Amino acid sequence: MYDLIIIGGGPAGYLAAERAGHAGMAVCLFEKNAIGGVCLNEGCIPSKALLNSAKIYEHARDGRKYGVLAENVLIDQKAVVLRRGKVVRTLVAGVSSTLKRLGVAVVKEAAVVRGRVEGGFAVTAGRQDYEAKRLLIAAGSVAVVPPIPGVRENLGGFVLTNREVLELPEIPKDFVIVGGGVIGLEMAAYYAVAGSRVTVVEMLDHIAGPTDREISTMLRKEYAKRGVDFRLSAKVVAVEPGKVVCEADGKTFEIPADKVLLSIGRRAATEGIGLENIGIATERGVVLTDEQCRTNVENVYAAGDCIGKVMLAHTAYREAEVAVNTMLGKKDRMRYNANPSVIYTHPEVATVGMTEEEAVAAGVDFEVKKLSMRFSGRFIAENEGADGLCKMLIHKKHRNILGVHMIGNASSEVVWGAALMIEQELRVKDAKEIIFP
Ligand code: NAI
């Protein structure tokens with residue numbers, strides 16, 4: 001009998017396996033697709049590989065601004081996709097070898113929780129039975145596919161999800177992106193630079209979901225400068241090869257499309273893994289957990305996208321760590337108040353903590369301090385002609401930092417510092433004593 005069975009080999013699952021293996025637990029991890037899950041194989045990592053190619057291309061094309069002349073600068077999409085594959089393989093191999101080194105048994109099969117046995121739980125995968133004292137559900141999420149006419153019929157061909165969009169052999173001429181959230185925006189950034197005519201159709205009147213509104217408006221304007229067309233407060237009513245039919249203000253219109261990306265959110269992937277066989281409580285597919293990532297069933301834990309809190313790989317890591325610490329009897333708990341998020345576009349957007357909109361809704365007495373990125377010498381040196389913003393929310397009475405919201409390169413590299421300030425409840429005067437290079 002194993003000490004721990006983990007269902008799902010994405011960031012939550014593999015990090016939990018690493019931590020538990022390191023602590024000396026006998027661990028068995030099940031993954032039905034590829035180790036590394038969506039993040040490593042068809043999400044975060046391959047998209048960053050593509051975005052870096054776009055960044056290098058833009059630098060080369062616009063090098064003149066920096067005194068660098070290059071001619072015939074082109075994106076070779078096939079080479080970009082090949083490199084993406086190499087990046088993924090390197091990281092997946094790294095995770096696999098770490099799991100091996102720590103003695104984690106990896107079974108590449110779909111696992112189903114069968115029921116309880118004396119002192120634990122039974123899981124079946126392939127035709128074999130496995131038993132463990134504890135379970136960790138880390139089954140991840142899948143793209144939401146709405147019942148819009150034409151979507152299901154064309155899935156994987158004319159209609160793409162996060163998976164196919166990262167390995168297109170050719171750049172589509174007219175590219176329509178449904179959903180102006182993180183996936184939609186990162187892919188709009190890549191394909192607009194790579195040469196597509198990109199239109200983003202978003203149901204809300206703003207892009208980037210819960211991002212600070214001032215920042216998301218600035219981001220939209222940056223994209224518009226690169227030729228991305230936004231159709232806000234619009235909804236897609238049908239897709240058919242060659243076009244997307246939308247509706248806004250009661251009027252119907254068509255957008256030409258060679259490819260359509262569906263990026264309207266993700267849902268927990270908890271169907272068919274037998275959660276009901278041991279009575280694990282879920283709500284619309286999401287596994288319900290407490291601050292220690294425990295489910296309602298003793299010795300059953302869950303972490304990552306399938307618990308539906310914040311669908312981010314780095315958050316999944318932390319949840320996995322909290323779950324394993326709890327198994328080991330160490331005091332730990334999940335806090336989401338200092339959870340950074342980044343949109344890896346060019347320019348980057350990085351935020352952590354409360355937005356102005358959230359602070360107002362929560363009735364917090366706060367003040368806002370804003371500074372243009374142009375006050376940073378390095379920013380001016382490296383971002384010819386660009387502007388950006390850093391915005392900080394401060395509690396009016398306690399003077400601690402509640403939120404930091406940035407647009408401009410390289411805000412993704414500094415946001416963890418802001419997270420540290422919020423997590424440690426630093427006051428402005430404490431933060432001022434830190435030496436920043
Ligand atoms: P999302 O939740 O970020 O955005 C979905 C967008 O689609 C929302 O703005 C929503 O209003 C819109 N929408 C929903 N239904 C629509 C409809 N019928 N027509 C038009 N618009 C519609 O979801 P997304 O972009 O699919 O990303 C999924 C998950 O992956 C997110 O939780 C995200 O945090 C994560 N992710 C994180 C990244 C990062 O941290 N850099 C990168 C990519 C994904």
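What you are looking at is a predicted structure, and each value in this text was computed from that prediction instead of being measured. We number each residue from 1, following the sequence as shown. Order of listing sets the numbers, starting from 1, for every ligand and every atom in it.
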Worksheet entry | Spatial distance of atom SG (Cys44) from atom CG (Leu166) [nearest 0.5 Å] | 10.0 Å

Worksheet item: Of the protein's non-hydrogen atoms, which lies at the shortest distance from atom 1 (P) of ligand 1, and what is that distance?
Response: Gly181 CA, 4.1 Å

Discussion item. List ligand 1 atoms under 4.0 Å from Met311, heavy atoms only on the residue side.
Written reply: 32 (O), 33 (C), 34 (O), 35 (C)

Worksheet item: Would you call Glu42 and Arg163 a salt bridge, using N to O less than 4.0 angstrom?
Response: yes

Worksheet item: Taking the side chain from Asn154 and the backbone from Gly157, do they hold a donor-acceptor pair closer than 3.5 Å?
Response: no

Fill in: Protein heavy atom at shortest distance from atom 14 (C) of ligand 1
Ile264 CB, 3.5 Å

Item to complete: Look up atom CZ in Arg197 and atom CG in Asp174, then write down how far apart they are to the nearest 0.5 Å.
Response: 4.0 Å

Discussion item. Suppose I only count heavy atoms of Tyr344 and a 4.0 Å limit; which atoms of ligand 1 are within that range?
Written reply: 41 (N)

Worksheet item: Is there a nitrogen or oxygen of Lys235 sitting under 3.5 Å from a nitrogen or oxygen of ligand 1?
Response: no

Worksheet, complete the sentence: atom 25 (O) of ligand 1 sits nearest the protein heavy atom Ile183 N, 2.9 Å

Worksheet item: How close does the nearest protein non-hydrogen atom get to atom 29 (C) of ligand 1, and which residue and atom is it?
Response: Arg266 CD, 3.7 Å

Discussion item. Check this for me: does any side-chain nitrogen of one of Lys55 and Glu58 sit under 4.0 Å from a carboxylate oxygen of the other?
Written reply: no

Item to complete: Around atom 33 (C) of ligand 1, find the nearest protein heavy atom and jot down its residue, atom name and distance.
Response: Val182 CG2, 3.7 Å

Practice prompt. Under 4.0 Å from a heavy atom of Val178: give me the atoms of ligand 1 that qualify, with their elements.
Written response: 19 (N), 20 (C)

Worksheet item: For ligand 1, which atoms have a heavy atom of Glu186 less than 4.0 angstrom away?
Response: 41 (N), 42 (C)

Fill in: Under 4.0 Å to a heavy atom of Leu312 - the qualifying atoms of ligand 1, by number
34 (O), 37 (C), 40 (O)

Discussion item. What I want to find out is whether Arg220 reaches Glu222 closely enough, with some N-O distance under 4.0 Å, to be called a salt bridge.
Written reply: no

Item to complete: With atom 11 (O) of ligand 1 as the reference point, say which of Arg267, Glu202, Met203 has the nearest heavy atom.
Response: Glu202

Worksheet item: When rounded to the nearest 0.5 angstrom, what distance separates OH in Tyr301 from CD1 in Ile307?
Response: 13.5 Å

Worksheet item: Any side-chain heavy atom of His59 sitting closer than 4.5 Å to one from Val68?
Response: no

Fill in: Any residue meeting salt bridge (charged side-chain N to carboxylate O under 4.0 Å, His left out) with Asp430, in chain and number order, not counting sequence neighbours
Arg427

Worksheet item: Numbering the atoms of ligand 1 from 1, which are under 4.0 Å from a heavy atom of Val201?
Response: 20 (C), 21 (N)

Fill in: Electrostatic pair Arg84:Glu167 at N-O distance under 4.0 angstrom
yes

Item to complete: Quick one: look up the protein heavy atom nearest atom 7 (O) of ligand 1 and list residue, atom name and how far away it is.
Response: Gly179 CA, 3.3 Å

Worksheet item: In terms of atom number and element, which parts of ligand 1 are under 4.0 angstrom from non-hydrogen atoms of Leu204?
Response: 11 (O)

Fill in: Short N or O distance, Ala234 and ligand 1, threshold 3.5 Å exclusive
no

Worksheet item: Hey, is Val342 touching ligand 1 through its side chain, its backbone, both or neither, going by heavy atoms under 4.0 Å?
Response: backbone

Worksheet entry | Ion pair Lys391/Glu214, N-O distance below 4.0 Å | yes

Discussion item. Quick test of your reading of the model: are Glu423 and Arg335 salt-bridged, counting only N-O distances below 4.0 Å?
Written reply: yes

Worksheet item: Below 3.5 angstrom, do we get any N/O pair linking Gly265 and ligand 1?
Response: yes

Worksheet item: Does any N/O atom on Ile148 come nearer than 3.5 Å to any N/O atom on ligand 1?
Response: no

